[in-house]
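In what follows, chains carry the letters A, B, and so on, assigned in the order in which the sequence lines appear, proteins first and then strands, with residues in each chain numbered from 1. On a predicted model such as this, the values are computed, not experimentally measured, just so you know.
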Amino acid sequence: MEVLETDLDALKCRMSATKMGYIDDPYIQYFLPKRSIHKPPIINRGTYVRTWSIDHVLINFLNKIEGKKQIISLGAGTDTRAFRFLAKLPKESIKFIELDLYPNCVRKVQSIAKHEALHAKLGDYTLDATKGILLSDSLDILPFDIRRIPEAGLPDRADRSLPTIVLSECCLCYLEPNEANSICQWFQERFSCIGILVYEPIQGMDSFGKMMKSNLASRGIYLKTLESYNTIEDQETRFTDNGFQHTTALDFAALEREWIPEIEKQRIAKIEMLDELEEWYLLAKHYCLVFTTSQSLHEKLNL
Amino acid sequence: MLDLDQILERLYHKQIIAEPVIAYLCSLAKELLIQESNVVRLSTPITVVGDIHGQFEDLLEIFRIGGPCPFTNYIFLGDYVDRGYYSVETITLLLCLKLRYPKRITLLRGNHESRGITQTYGFYSECLRKYGSANVWKQITDIFDFLTLAATIDDSIFCVHGGLSPSIQHINQIVVLDRFREFPHEGAMADLLWSDPDPSIQEFSLSPRGAGYSFGEVIVSKFLYENNMDHILRAHQLCSEGYQILFEKKLSTVWSAPNYCYRCANLASILQIDTDKSKFFNVFDAAPNQENPYVEPTAKATEYFL
């Protein structure tokens with residue numbers, strides 16, 4: 001299934017951005033060792049903006065709210081965010097639940113089993129690499145097809161009473177729109193203090209977008225929700241329709257301009273010079289970050 | 001003695017030329033290019049071509065649309081290599097055409113004709129992949145040091161890859177530069193190859209690219225007045241429509257790589273200037289082979305965030 005391959009692609013991008021110094025990630029080496037991967041500068045920059053912006057929203061959530069918080073990551077794959085956060089934030093206050101398809105979970109749990117630098121972060125844990133399951137106080141990895149959520153619910157490990165953010169970092173976009181929305185609605189109806197953080201492509205209708213769909217289709221990758229949620233406004237309406245009270249959505253060109261501090265912008269500009277800024281703006285405008293919250297989470301975050 | 005016409009024939013069919021032949025072509029090219037001034041004087045009729053970036057199929061398309069060299073006079077504004085998958089074939093064909101028809105084709109240096117940039121943006125790895133070593137990369141990047149910096153057409157149009165420099169008010173200042181070297185990140189040579197026009201400013205400003213400057217209409221008008229010219233032609237910036245005209249027609253950008261990086265879905269153009277000085281931007285789309293998945297896996301190799 002080609003969707004599984006998208007995790008490897010993202011992993012290579014993060015590997016390249018880490019190696020060049022855009023991102024600080026001491027854990028990624030355990031998932032793709034002995035490979036020297038150098039992506040083009042424009043891809044490194046995009047990977048940096050993607051990682052920075054998601055980290056920014058989640059760290060704000062974890063720091064601003066008292067007590068235990070939960071992050072449910074859909075299609076997490078080899079993402080190392082849990083390890084990076086557990087290394088720096090109080091372990092007792094965070095619970096990560098990562099859901100992905102079985103082959104990805106098996107691979108990830110195998111790597112965790114093999115490397116002390118990873119499992120040392122977890123406190124008490126049990127794992128079964130052949131089943132792709134990891135259970136601990138701070139991180140669970142569970143093989144689960146998220147399309148089953150509306151009918152079967154989540155695995156028992158998820159706690160509906162905790163303030164929760166559901167993260168979809170290019171995951172829901174591979175589902176049919178009605179499947180993706182059913183999942184979002186399910187969370188909105190059952191969790192009292194909930195937010196959904198989505199990173200995915202937009203603007204599929206212009207010539208760049210059409211070329212993107214065509215190029216990805218030749219790899220068997222289809223962005224199924226792209227037709228329905230073409231613009232920032234479409235994304236905002238999407239979550240209002242799913243019952244969320246507050247939504248912030250912006251494309252990556254705007255995000256880089258408005259969110260990333262000047263000192264960070266200067267730091268990454270020095271790592272690699274972009275030869276073509278117009279190309280970067282064009283690419284960045286075709287990706288968005290959407291953060292939507294229930295009223296109670298909105299209030300807790302004092303947004 | 002190698003037969004340039006035979007080599008050209010192989011190049012038009014996108015065949016890789018053997019390393020010793022490339023070495024020989026480069027040694028001939030050095031002797032030819034060293035004689036060119038930093039600012040070459042050209043005449044109409046002439047066709048101006050912007051960035052190619054290794055998109056060899058689109059270079060062949062340009063010759064189909066504009067007419068083959070030598071029957072059409074050409075000036076290329078630089079950026080022959082990097083990003084596309086056929087930088088080797090592209091630069092070799094153009095150097096060979098220059099050797100065969102030196103008065104019919106002019107090759108300016110672009111900011112990608114640089115050792116540093118080509119190690120980041122693809123030409124170096126392409127040479128490694130196609131030749132198994134860095135020798136061809138070294139030979140060709142040595143030749144880049146000999147490419148001229150600018151040109152004038154009919155003493156009225158100034159051509160350069162990037163744009164203007166605060167260090168250069170008069171074209172004679174370009175003539176006396178020492179161009180035969182890798183250009184540093186700062187200074188007049190870097191500015192000529194890296195600068196961009198900016199309609200939102202009047203004078204010079206630091207470039208968001210990190211090299212060269214942004215320059216506004218006042219600078220363009222001053223330069224044209226000082227040098228008794230009426231237009232600046234340059235490339236260097238991606239144009240979705242293939243070209244862009246700014247500052248009340250005092251400056252144009254020509255961009256000749258359609259569907260840049262097989263991702264941007266932009267149009268491209270070549271600028272055809274006739275003897276009566278009339279200008280025609282001949283706009284074109286990606287060459288058919290670019291979309292053929294059986295020729296090269298360009299679609300599959302194109303990068304996105306997944």
Measure distances from B:C261 to the heavy atoms of chain A and classify the residue's part below 4.5 Å as side chain, backbone, both or neither.
side chain
Do A:N215 and B:Y304 have side-chain N/O donor and acceptor atoms under 3.5 Å apart?
yes
On a heavy-atom basis, the closest approach of B:A265 and A:S207 is CB-O, 3.2 Å
Pick from A:C170, A:P41, A:C173: which one has the most heavy-atom pairs with chain B under 4.5 Å?
A:P41
Just wondering, are more than 12 heavy atoms of other shown residues or ligands nearer than 6.0 Å to NE2 in A:H56?
yes
If you define the side chain from C-beta out and look only at heavy atoms, does anything of A:M211 sit under 4.5 Å from B:C264?
no
Counting heavy atoms not belonging to B:Y213, are there more than 12 under 6.0 Å from its OH?
no
Turns out that what part of B:F305 lies under 4.5 Å from chain A's heavy atoms comes down to both
Counting neighbours of CD on B:E186 that are heavy atoms of other residues, nucleotides or ligands and sit closer than 6.0 Å, is the number greater than 12?
no
Test side-chain contact (heavy atoms from CB on, under 4.5 Å) applied to B:E303 and A:L283, A:I43, A:D9, the passing residue:
A:I43
Heavy atoms of other groups near B:Y124 OH, more than 12 under 6.0 Å:
no
Are more than 12 heavy atoms from other residues, nucleotides or ligands located less than 6.0 Å from atom NZ of B:K138?
no
Toward chain B, the part of A:K210 with a non-hydrogen atom under 4.5 Å:
neither
Residue among A:G46, A:A10, A:P40 with most heavy-atom pairs under 4.5 Å to chain B
A:G46
Does any N or O in the side chain of B:R209 come within less than 3.5 Å of the main-chain N or O of A:L277, such that one atom is a donor and the other an acceptor?
no
Given a strict heavy-atom distance threshold of 4.5 Å, which part of A:S214 is in contact with chain B: side chain, backbone, both, or neither?
neither
Output yes when B:R83 and A:E276 qualify as a salt bridge under the 4.0 Å nitrogen-oxygen rule, no when they do not.
no
Taking OH in B:Y243 as the centre, count heavy atoms belonging to other residues, nucleotides or ligands within less than 6.0 Å. Is the count above 12?
no
Can you tell me how far apart CG (B:L238) and CG (A:L282) are? Round to the nearest 0.5 Å.
6.5 Å
Inter-residue atom distance A:R219.CZ - B:L306.CG, 0.5 Å rounding:
5.5 Å
Can you run down the salt bridge (charged side-chain N to carboxylate O under 4.0 Å, His left out) pairs that involve residues 242-261 of chain B, sequence neighbours left out, and say none if there aren't any?
B:E217-B:K250
How long is the span from the SG atom in B:C239 to the CD atom in A:E278, to the nearest 0.5 Å?
8.0 Å
Provide the closest heavy-atom pair for A:F208 versus B:R263 in the form atom of the first, atom of the second, distance.
CD1-O, 3.4 Å
Could you measure the distance from the OG1 atom of B:T120 to the CG atom of A:D275? Nearest 0.5 Å is fine.
9.5 Å
